[in-house]
Amino acid sequence: MNENAWRAILAALADDSAREVYARVVLGESATPTLDALTPARARRVVTALTSAGLLTETPEGYSASPAVFAAALKAVPRAARPTGVDRFFTDGRLTDYPSRAGDRREVLAALASRVLADGERLTERQINDRLADIVDDVAAIRRYLVDEGLIERTRSGTEYALARP
């Protein structure tokens, strides 16, 4: 089975008549009443769609459902690559898992610092909070971690933040 087999399955089941035929067969009923209610050409198209997708198999007694088709279709789809490095802690650009290992925490915080501040840029607390809010849930804690880790500097007055000088 190829990695796009799921498309044929969904296309077949998107059709009301095909779905009814498939449901009858899965429930152990005869598909004949539903197929007889269709024009001969339409009935052939429905059966062809279901058998081509692997959902039904023609038998001497009628049709039988092939439940293994779903597992085979899922198995054929390649697994998505797992994120590596700091990306593994982010989902859709937001920090979803705060790392427990110190080295990972440092890398994640460095990535956050570079995302919210550019070299030479100075932001007020409100501005940095707004930028962090787009990425993290606990803005105050992350801002504090960034300062404690020495990645961003806060002015003595505590009113502005900038990237720490190397």
Side-chain angles (χ1 to χ4, degrees), residues 1-27 46 48-57 65-166:
M1 182 169 282
N2 71 36
E3 66 184 55
N4 288 319
W6 63 271
R7 292 179 188 274
I9 294 167
L10 287 179
L13 294 176
D15 179 271
D16 291 340
S17 299
R19 203 168 42 252
E20 185 177 343
V21 168
Y22 182 68
R24 285 182 171 273
V25 173
V26 167
L27 294 172
V46 165
T48 299
L50 291 169
T51 56
S52 298
L55 291 163
L56 294 183
T57 306
S66 307
V69 71
F70 296 107
L74 288 171
K75 190 174 182 180
V77 175
R79 292 187 183 251
R82 291 181 55 116
T84 58
V86 296
D87 291 339
R88 70 186 189 274
F89 299 104
F90 291 85
T91 303
D92 297 328
R94 288 191 61 80
L95 181 66
T96 52
D97 295 310
Y98 193 70
S100 56
R101 288 187 34 221
D104 290 337
R105 274 194 309 271
R106 174 82 177 164
E107 287 182 45
V108 166
L109 289 171
L112 288 170
S114 67
R115 284 178 65 181
V116 297
L117 280 160
D119 281 334
E121 184 177 31
R122 296 184 89 59
L123 298 178
T124 65
E125 186 169 327
R126 173 178 231 130
Q127 290 171 318
I128 198 163
N129 286 348
D130 289 345
R131 290 186 186 181
L132 283 170
D134 291 338
I135 307 169
V136 300
D137 292 329
D138 192 346
V139 171
I142 297 298
R143 189 186 65 239
R144 187 172 33 254
Y145 297 157
L146 288 166
V147 171
D148 291 347
E149 199 63 42
L151 296 166
I152 64 173
E153 296 173 339
R154 183 174 43 213
T155 59
R156 277 184 118 55
S157 65
T159 58
E160 289 185 325
Y161 294 83
L163 283 177
R165 292 182 203 103

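Predicted model only: the values in this text are computed from it and were never measured.
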dist Arg143:CZ -> Ile128:CD1 (nearest 0.5 Å) comes out at 7.5 Å
Can you measure from CZ (Arg126) to CG (Asn129) and round to the nearest 0.5 angstrom?
8.5 Å
Please report the shortest heavy-atom distance between Pro99 and Asp104, naming the atom on each side.
CB-CB, 3.5 Å
Is there a side-chain contact between Val136 and Tyr98 in this structure, where contact means two heavy atoms from C-beta onward sitting under 4.5 Å apart?
no
Point-to-point distance, once rounded to the nearest 0.5 Å, from CG of Leu109 to CD1 of Ile142
6.0 Å
Work out which heavy atom in Ala65 is nearest to a heavy atom in Val26; give both atom names and the distance.
CB-CG2, 3.9 Å
What I'd like to find out is whether the side chain of Arg115 reaches to under 4.5 Å of the side chain of Phe90, using heavy atoms alone.
yes
What pair of heavy atoms forms the shortest contact from Ala164 to Gly150, and how long is it?
CB-O, 3.0 Å
Donor-acceptor under 3.5 Å (Arg106 side chain, Glu149 main chain):
yes
Here the pair of heavy atoms bringing Val116 nearest to Arg131 is O-NH1, 2.7 Å
Arg94 bridged to Asp137 by N-O distance under 4.0 Å
yes
Heavy atoms of other groups near Asp119 CG, more than 12 under 6.0 Å:
no
For Ala18 and Ala12 the tightest heavy-atom approach is CB-O, 3.2 Å
Output the distance between atom CG (Leu132) and atom CD1 (Ile152), rounded to the nearest 0.5 Å.
7.0 Å
Any chance you could measure Asp138, atom CG, to Tyr145, atom OH, to the nearest 0.5 Å?
6.5 Å
Could you check whether any side-chain N or O of Arg154 sits under 3.5 Å from a backbone N or O of Thr159, counting only pairs where one atom can act as donor and the other as acceptor?
no
Heavy-atom closest pair (Gly54 atom, Val69 atom, distance to 0.1 Å) is O-CB, 3.5 Å
pair Arg19-Asp16: side-chain heavy atoms closer than 4.5 Å:
yes
Criterion side chain to side chain contact (heavy atoms under 4.5 Å, CB included) against Leu151, the qualifying member of Leu112, Leu163, Leu146
Leu146
Before you tell me yes or no, could you show the steps for Trp6 and Leu74 under side chain to side chain contact (heavy atoms under 4.5 Å, CB included), namely the whole-Å CA-CA distance, both residues' side-chain angles and the distance that decides it to 0.1 Å?
CA-CA 8 Å; Trp6 63 271; Leu74 288 171; over 6 Å; no
Output the distance between atom CD (Glu121) and atom CD (Glu160), rounded to the nearest 0.5 Å.
11.0 Å
